[in-house]
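I have placed the structure first, in the form of structure tokens, so that the comments after it can refer back to it.
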Amino acid sequence: MMGIVKHINFTTLLLLANTTSSTVVQSFQLTSTLPQTLPRQTSPLHKPTRLNALSRRQSYIIDGGEYQSFLIYSSPDARYASSPRNSHDEVGCLTLVTGTTDAGERVVGVEKTTDDDGMKTVSIGNDVEVYKHTMAVIPNKISDGDAMSTAAAAMVGIHCAMPKVDGVGGSEDDMFYSGKAVIVGGNDYACFLADGLATLGIDVSIVSTGGVNTKSNQVNVISPSVDDEIAEDGKVGFTTALGQFDSLIDTIANERKGMTLNTDDPSGGSATLHLLKFKHQCHKYISTLSASQQIIKKDGVLFGPGKANSHVKSLESMSSKKCTPLVPSVGFGPSTLQILLENNVLFPSKNNKKEIVTRGWSMKDFWEETSWPRDSSGTGLRYGMPVADEEDLEEMFQREKLQMTRGTRIGAKGEADENERAEQMKADKQNPYVTQIIGVDGLDEIILSKRRSSVVFVAMRSCRTCKGINPVFTRIAREYEGELMFAKADATGSVGKALGRQLGVIAVPSFVLFKDGVRYGAVSTSKLPSDRLDKAIADLEAGREFDPSLEEDTDE
């Protein structure tokens, strides 16, 4: 295959220590062969039922926005492969292995670490199995470490972010990708994602406030503000300039934060995400922000590094068996990873000796996010992200109401029967300060159709923490003197789970706020009173944009 070969030297500064420790500097050379046209054929991967030898194994732990994005946009089987098992309940693990086939080819793939899930596997020896749909041949010029690092880096930011995916001839192995994607951030990881998506045939734009080191001449590089002759001040935000696009990959922030929504309506989390979908037809918002980077953003460069480094160390020292096992969706090996490896689009590894690896944080990402120009509305919104006007909010409300009421009636799921309605009436009489909501029908009847502004306490009958803070929630509702309605939703059973999915929560206790019948934001906390919940309520009442950092479940 003919291509354009470029040799680039660059240095990545990775600050993995606090102000009292040394700075680790990693330097490497990246040789990239980028295709002039998208290759539609991959190297022939012999389809072995057994590999001759296992060469290497390395586990990659992902958390924060990257983990949430995987849960939403990967396959349903992978999403619900395991429930949280310890305090690291928002941590996922991908275990990669390399080996040699019976034909003498080196291959990389994802190791099976769960019970039988029905997916086809290839055996290595007697104890190791690799998911067949994740396997790719490693070219001779690429090391095992770089192949595994590239696979881990491509799983969410590239494979899950694919705008449009079609199987060729009904095949799950040979996929055809198309569409338009936008990447926010100019860091090395963002550049890898841009080059990778462009190599796979996606129309890619990367938005950054600084220099961008992409290698592909097919990547469109723009700034947050774009010149426009029609605009009153001669400038428009990048989303306005780009018009419609299918995916947005955010490498420096997370508009969703701690709340993961269901696959039927993954756009929730903040008004920005609803507007991306409504104004730009962007149905995929992927955040790759790690939890350690979020710590730096929250605590700053003075107090953040120590906390962030401690978090990274805790992840690297924990057993991968305590994380939620992750498996990429179909087509990952032959149609995504194989193309990247063949074209030498790599995310090189510098952690070859570690058994467990996680992406940490960088000062470059911190400074780009904090120095990003803000919208003039005073909400702190990054310039270029979509902003709603009154007509937008009205139409968004009507669409959201229709979707939430329609989506749960399929198969009679989410509907409350007569006994449950009787329980709701009884509970309402017992607690005059907190309105009880049962099922999505109840949500529509009490909040959506009446366009109520409210605070909904999402709980389960089996949750001791929920029971412990319930009296405090009632007291807060009793003493509250504003116009918000206080309500409680039970997420127990099939009806409750359907309601929980529509509210966008994966853990209880959680508090979901509505403004005029539209989901405003959510706060996950195990303690009441909560400063973060108080701040969210105050912002809602003052008409301010919801602050996504309030969703983060931290000790108060």
Can you give me the closest heavy-atom contact between [X] and [Y], atom names plus distance?
X    : Y    : answer
P509 : S524 : O-OG, 3.8 Å
I252 : G185 : CG2-CA, 4.0 Å
V110 : P328 : CG2-CD, 3.8 Å
F473 : V455 : CZ-O, 4.0 Å
H311 : I295 : CB-CD1, 3.9 Å
T209 : P224 : CG2-CG, 3.8 Å

Q) After noting the C-alpha distance and the side-chain angles of Y189 and F347, does the key distance pass the ring-ring contact (aromatic ring centres under 6.0 Å, His included) rule? A) CA-CA 8 Å; Y189 181 59; F347 193 71; 5.5 Å; yes

Can you measure from [atom1] ([X]) to [atom2] ([Y]) and round to the nearest 0.5 angstrom?
X    : Y    : atom1 : atom2 : result
R532 : T525 : CZ    : OG1   : 5.0 Å
S287 : Q293 : OG    : CD    : 10.5 Å
D250 : E255 : CG    : CD    : 6.5 Å
L94  : F70  : CG    : CZ    : 7.5 Å
F192 : T251 : CZ    : OG1   : 13.0 Å
T336 : H159 : OG1   : NE2   : 4.5 Å

Determine yes or no for a side-chain-to-main-chain donor-acceptor pair under 3.5 angstrom, with [X] supplying the side chain and [Y] the backbone.
X    : Y    : answer
S449 : D444 : yes
Y73  : Y285 : yes
R359 : E66  : no
K307 : P305 : no
S290 : G360 : yes
S225 : V236 : no
H280 : Q244 : no
K284 : C160 : yes
D63  : A291 : yes
S454 : V456 : no

Within a radius of less than 6.0 Å around [atom1] of [X], do more than 12 heavy atoms belonging to other residues, nucleotides or ligands occur?
X    : atom1 : value
E479 : CD    : yes
Y480 : OH    : yes
K535 : NZ    : yes

Hey, does [Y] have a side-chain heavy atom less than 4.5 Å from the side chain of [X]?
X    : Y    : value
V204 : T214 : no
K450 : I446 : no
L197 : Y177 : no
I286 : I72  : no
L503 : L443 : yes
D228 : T240 : no
T474 : K488 : no
I476 : F457 : no

(Q) Going by side-chain contact (heavy atoms from CB on, under 4.5 Å), K215 matches just one of T199, D195, V345. Which one? (A) D195

(Q) Using the side-chain contact (heavy atoms from CB on, under 4.5 Å) definition, which of the options N254, L289, V156, I62 pairs with Q68? (A)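 Filter result, single survivor: N254.
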
Q: Assess whether side-chain contact (heavy atoms from CB on, under 4.5 Å) is satisfied between F245 and T239, documenting all intermediate values.
A: CA-CA 9 Å; F245 46 90; T239 56; 4.0 Å; yes

Q. Does the side-chain contact (heavy atoms from CB on, under 4.5 Å) test come out yes or no for E541 and E483, once each step is laid out?
A. CA-CA 9 Å; E541 292 179 316; E483 297 182 358; over 6 Å; no

Q. Y60: what forms a ring-ring contact (aromatic ring centres under 6.0 Å, His included) with it, not counting sequence neighbours?
A.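 Per chain and number, Y60 pairs via ring-ring contact (aromatic ring centres under 6.0 Å, His included) with no residue.
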
Q) Are V219 and I183 close enough, and set up right, to give a side-chain contact (heavy atoms from CB on, under 4.5 Å), and what steps lead you there? A) CA-CA 10 Å; V219 175; I183 298 174; over 6 Å; no

Q) Between Y520 and F514, does the ring centroid distance fall short of 6.0 Å? A)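 No, they do not, as the ring centres are separated by 6.0 Å or more.
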
Q) Do K235 and D227 meet the salt-bridge criterion of a basic N to acidic O distance under 4.0 Å? A) yes

**Q.** Test log, rule side-chain contact (heavy atoms from CB on, under 4.5 Å), inputs Q436 and V434
**A.** CA-CA 6 Å; Q436 305 296 313; V434 178; 4.0 Å; yes

Q. Who passes side-chain contact (heavy atoms from CB on, under 4.5 Å) against A151, sequence neighbours left out?
A.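 Applying side-chain contact (heavy atoms from CB on, under 4.5 Å) to A151 gives L96, F332, L337.
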
